Amino acid sequence: MQMNLGMRAEIRALLERVEAVVRDEIMPLEAEYHAEVGQGDRWTYTPRQAEILEGLKARAKAEGLWNFWLTDSARGFGLTTVEYAYFAEAMGRTPMGAEVFNCNAPDTGNMEVFERYGTEAMKAQWLVPLLEGEIRSAYLMTEPEVASSDATNIAMSCVRDGDHYVLNGQKWWATGAGDPRCRVYIVMVRTGGDDLPKHQRHSMIVVPADTPGIKKLRPMEVYGHDDAPHGHMHFKFDNVRVPARNMLLGEGRGFEIAQGRLGPGRIHHCMRAIGQAEAALEMMCKRSIAREAFGKPLAQLGANYDIIAECRMEIEQARLLCLKAAWVMDQGDARAAAPWISQIKVVAPRVALRVIDEAVQMFGAQGISQDVPLASMWTHVRTLRLADGPDAVHRRQVARAELRKHTQARV
Ligand SMILES: Cc1cc2nc3c(=O)[nH]c(=O)nc-3n(C[C@H](O)[C@H](O)[C@H](O)COP(=O)(O)OP(=O)(O)OC[C@H]3O[C@@H](n4cnc5c(N)ncnc54)[C@H](O)[C@@H]3O)c2cc1C
């Protein structure tokens, strides 16, 4: 079958508009936006911060540059996953990029859940304001007490009591849950006993953020940063009562939903990581031309040509793998796509980390400072080697798919 990794001509024009907004409108405001976080309460938006973010969002929305992530859907532009890869890469060049176009994690994954598995009432209450960019959401799966890379360990209890469910337990690393605009959580819980098959013991339930009994214990820190105002929250649920109608699909169907949710979300992170790598390489090149030592531009010293070349080659390899994984997803067989998504989930952060680290080196001490975004880019990309499944779990998936070919061949 012919593998098309390109895009339609009309889509290219759209992409060029997104690239221009990122370069000319978002990036010039990033430093001011992030400087505002330190002013007053870190978990609210200062008026200037809100003005910047909402202003950029309003302009993007008014121009129709919105919800590109709705691939293969009548609601959006009907992009293929391959086409969306180029958009996510462009948006990923800057931390605010995805949100300005309403393409940010974890909301896109949560919107997908509401669209595919939600009731009409859930769609009206949560999906519509999320699609409009009016509220935000979080996804609560990981727990402090259990190894959550094996999601069959998830232990938060969820017990039926009349026309409600009652939830007890802890969740942590709930990205985006610190944001004052975050109104709803999709929560992975345990509903079934040991008598059930392992993948039928869990469910997903929709929990409004203002439900009594939810305690925000603390924001988790990423290498000392709390990532305010979005944050990664640690929660305790103390007899949190949720109407039974908030259960998605029905008890025991959590894994079915998780598979649908995590595939696209994972590859979107990879696409954005490639955007980060491109941004870092561009910074590195400009710096190496502009600054001189020992009578020459830095680019011409030592092994710097080789370093720049290696970075370029690694980015190209990662992008091609990402596009191939996207293409396999577009063929509609989630099972076949899983090992491809796992491959790029390992490779993209690895490449981006290497490129960002080389850029840091080219910048000297300024590279790790607050004056350039490289340090925060590195810490963010480093988290992708854990979030949505650690590298080891994805390598296992890749190896199992590889071995399966040979086991089947023998049968
Ligand atoms: C910045 C950030 C944001 C996050 N956002 C969210 C979020 O929004 N919602 C959410 O629910 N979670 C979120 N997470 C949590 C993340 O998904 C989990 O940390 C991840 O799934 C791993 O679970 P764990 O931390 O319990 O690690 P564990 O399961 O304890 O695993 C620890 C280590 O054990 C090793 N290991 C595990 N399995 C294998 C294996 N099969 N083979 C070999 N070695 C193995 C690996 O080295 C692994 O890193 C986030 C994490 C970070 C850092």
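Counting starts at 1 for both ligands and their atoms, in listed order. Model, not experiment: these values are computed from the prediction.
- Closest to atom 31 (O) of ligand 1 by heavy atom, among G231, S149, G265, A177, is S149.
- Using a 4.0 Å cut-off between charged nitrogen and carboxylate oxygen, E54 and K61 do not count as a salt-bridge pair.
- Within the 4.0 Å heavy-atom shell around ligand 1 one finds A387.
- The aromatic rings of H268 and Y84 sit perpendicular, their planes meeting at an angle over 60°, well past the 30° parallel limit.
- Residue, atom and distance of the protein heavy atom nearest to atom 12 (N) of ligand 1 are T142 OG1, 2.6 Å.
- Protein non-hydrogen atoms do reach within 4.0 Å of atom 41 (N) of ligand 1.
- Of the candidates N153, L386, D391, it is L386 that places a heavy atom closest to atom 20 (C) of ligand 1.
- At a cut-off of 3.5 Å, with distance as the only test, a side-chain donor of H234 or R218 sits close to an acceptor on the other residue.
- For M141, a nitrogen or oxygen atom sits less than 3.5 Å from a nitrogen or oxygen atom of ligand 1, counting backbone and side chain alike.
- Between E282 and R93 a salt bridge is recorded (basic side-chain N to carboxylate O distance below 4.0 Å).
- The pair E358-R354 meets the salt-bridge criterion, since a charged nitrogen lies less than 4.0 angstrom from a carboxylate oxygen.
- The nearest non-hydrogen atom to atom 50 (C) of ligand 1, considering only Y185, Y139, W173, W172, comes from W173.
- Contact annotation for atom 8 (O) of ligand 1: protein present (non-hydrogen atoms, distance under 4.0 Å).
- Under the 30°/60° scheme for interplanar angles, the aromatic rings of H202 and F255 are found to stand perpendicular.
- Inside a 4.0 Å radius of atom 18 (C) of ligand 1 there is at least one protein heavy atom.
- The closest donor-acceptor contact from the side chain of R266 to the backbone of K345 lies at 3.5 Å or more, if one exists at all.
- In terms of protein heavy-atom proximity, atom 26 (O) of ligand 1 is nearest to S148 N, 2.9 Å.
- The shortest N or O to N or O distance between T175 and ligand 1 is under 3.5 Å.
- Put simply, the side chain of W126 never gets that close to the backbone of G118: no donor and acceptor are under 3.5 Å apart.
- The main-chain N or O of L131 is found under 3.5 Å from a side-chain atom of W66 such that the two form a donor-acceptor pair.
- For ligand 1, the polar-atom distance check against R396 finds no nitrogen or oxygen pair separated by under 3.5 Å.
- For the ligand labelled ligand 1, residue V146 lies inside the 4.0 Å heavy-atom shell.
- Close approach of ligand 1 to D388 is summarised as follows: ligand atoms under 4.0 Å from at least one heavy atom of the residue are 17 (O).
- Using modelled atom types, one side-chain atom of Q276 and one backbone atom of G92 make a donor-acceptor pair closer than 3.5 Å.
- Note: no N/O pair closer than 3.5 Å links E143 and ligand 1 by distance alone.
- Distance check for atom 15 (C) of ligand 1: a protein heavy atom is found below 4.0 Å.
- With atom 48 (C) of ligand 1 as the reference point, the heavy atom nearest to it among A174, P390, P106, A392 is part of P390.
- A salt bridge between E115 and K123 is absent, with no side-chain N of the basic residue lying under 4.0 Å from a carboxylate O of the acidic one.
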